[in-house]
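The block underneath contains the structure these notes are about, expressed in C-alpha cells.
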Amino acid sequence: MYNFLSGAKRSSIFKGFSRFSGSLPVKTSLTQKSIEYIYRVGIRNNEIKEDLLSETRRIHPDDAIMSTDRIQGDFMENPVQSMNAKKCIEIGVFTGFSSLCTALGLPDDGKIFALDISEEFTSIAKKYWKLAGIDHKIDLVIAPALDTIARLRREGHENTFDFAFLDGDKENYLHYYENLLPLMRKGGMILVDNVAFLNLAADNTQNDGEAVGVRQLNERIGRDDRVKSIALPFGDGIFMVTKNRLF
Ligand SMILES: C[S@@+](CC[C@H](N)C(=O)[O-])C[C@H]1O[C@@H](n2cnc3c(N)ncnc32)[C@H](O)[C@@H]1O
C-alpha cells in the first residue's frame, strides 16, 4: 500500500516548501537538520580523507575552504567507477582531496593527470595519495594548466579522456572548459565545481574576475549543444556535463 503520509498531512508539511523563483518551481523540503542528517547517513567514513582535510585546515587555515566539499568528493567516485573510467584529468589539485576521491573510483591501472601550479599545496596531496595506496594512479604536473592541456592536445590525447574534474582558478574557467572538451571522448564526463561560487555567481553586482569567470561558464554550459548537462545544488554547486559527440 502506498503510504507516504496521508494526503492532508503531506500537503500541510510541504506547504511553504515549494518556492517559486521566477518561472521555476523549486521544491525544497530540506531543513538544516535534514541536511545534516543526509550528510551523516550519506557520507561513508574514510579516515584518510578526514586526516587529509584536517591537516589542510591546520596547515592552510586561510585556504582550506578551497578543498572540494566532502559530499561532492564521495559523489564523484560514483560516476568514475560506474562508467569504468580509466583516463582522467583534474585542474586544481590543492591538497589532493578531489584527486584522492577520483583515484578511489578508478581501477588499479587507471590514471589521473593532476594539474596545479603549487608545489607547497600539493606536497600534502602526495603524502595522502601514498598513504591511501593510490599514488601510482596520479601523475602530478606542476605548470599552468592551460599550457599542460595545450600540450596534451598537441600530443594526440584528444577524444581519449573518460572523466575530468574542473576546479582551478575561476578567471580561466571558460578557457579550461573549451580546451578540455576536445580532450574528452564521446560520453566522457566533466564535473565542474563551484557553480554557485560561494553565493557570488547569483549576485550580478559581484563583478570581480572569479565571479565573472564562473558565471560565464555556467551560462555557456547551459547553451552548449555539444553536451548534456545538469547543475546539482549541493556543496558549492556542481555541473555534471557529458560530451554528446565528437567534433
Ligand atoms: C579550489 S583549489 C582546488 C581544490 C581541490 N580540487 C581539492 O579538492 O582540494 C584551486 C587550485 O588551483 C590551483 N591553480 C591556480 N591557478 C592555476 C593554474 N593557472 N594552473 C593550474 N592550477 C592552478 C591553485 O594552486 C589551487 O591549488
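Just follow the structure's listing: the first ligand is 1, and inside any ligand the first atom is 1.
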Proximity to ligand 1 by part of Phe121, non-hydrogen separation under 4.0 Å: side chain
Polar contact flag for Glu90 and ligand 1 (N/O pairs, less than 3.5 Å): no
Short N-O contact, Arg223 and Glu219, less than 4.0 angstrom: no
Contact check: Asp169 vs ligand 1, nitrogen or oxygen atoms, below 3.5 angstrom: yes
Heteroatom proximity flag, Asp167 to ligand 1, N/O under 3.5 Å: yes
Exercise: do Asp224 and Ser229 side chains pair donor with acceptor under 3.5 Å: no
Sub-3.5 Å N/O-N/O distance, Thr68 and ligand 1: yes
Side chain to side chain, Gln72 and Leu232, heavy atoms closer than 4.5 Å: no
Numbered atoms and elements of ligand 1 in range of Ser98, under 4.0 angstrom, heavy atoms: 5 (C), 6 (N), 7 (C), 8 (O)
Minimum-distance protein heavy atom relative to atom 12 (O) of ligand 1: Gly92 CA, 3.6 Å
Sub-3.5 Å N/O-N/O distance, Pro144 and ligand 1: no
Which residue and heavy atom of the protein sit nearest atom 20 (N) of ligand 1, plus the separation: Ala145 N, 2.9 Å
Sole candidate of Ile91, Asn194, Ile89, Asn172 that passes side-chain contact (heavy atoms from CB on, under 4.5 Å) when paired with Leu166: Ile91
Selection from Leu52, Asp236, Asp116 by shortest heavy-atom distance to atom 25 (O) of ligand 1: Asp116
Closest contact, heavy atoms only, Ser67 versus Thr56: OG-CG2, 3.7 Å
Identity and distance of the protein heavy atom lying nearest atom 23 (C) of ligand 1: Ile117 CG1, 3.7 Å
Part of Thr122 with heavy atoms under 4.0 Å of ligand 1, whether side chain, backbone, both or neither: neither
Asn218 side chain to Tyr173 side chain, donor-acceptor N/O pair below 3.5 angstrom: no
Working for salt bridge (charged side-chain N to carboxylate O under 4.0 Å, His left out), residues Asp225 and Lys228: CA-CA 7 Å; Asp225 65 7; Lys228 285 200 193 319; over 6 Å; no
Atoms of ligand 1, numbered as shown, that sit under 4.0 Å from any heavy atom of Tyr176: 18 (C), 19 (N), 20 (N)
Side chains of Lys126 and Asp135 in contact at under 4.5 Å (non-hydrogen atoms): no
Note: Arg44-Asp74 ion pair, threshold 4.0 Å (strictly below): no
Side-chain H-bond candidate by donor/acceptor type, Ser99 with Thr102, under 3.5 Å: no
Atoms in ligand 1 flagged as close to Ser67, the criterion being non-hydrogen separation under 4.0 Å: 7 (C), 9 (O)
Backbone or side-chain N or O of Ile91 under 3.5 Å from ligand 1 N or O: no
Steps toward side chain to side chain donor-acceptor pair (under 3.5 Å) verdict (Thr95, Glu55): CA-CA 9 Å; Thr95 58; Glu55 182 163 340; over 6 Å; no
For Gly168, atoms of ligand 1 separated by under 4.0 Å from a heavy atom: 12 (O)
Per-atom contacts of ligand 1 with Val93, taking only distances under 4.0 Å to non-hydrogen atoms: 5 (C), 7 (C), 9 (O)
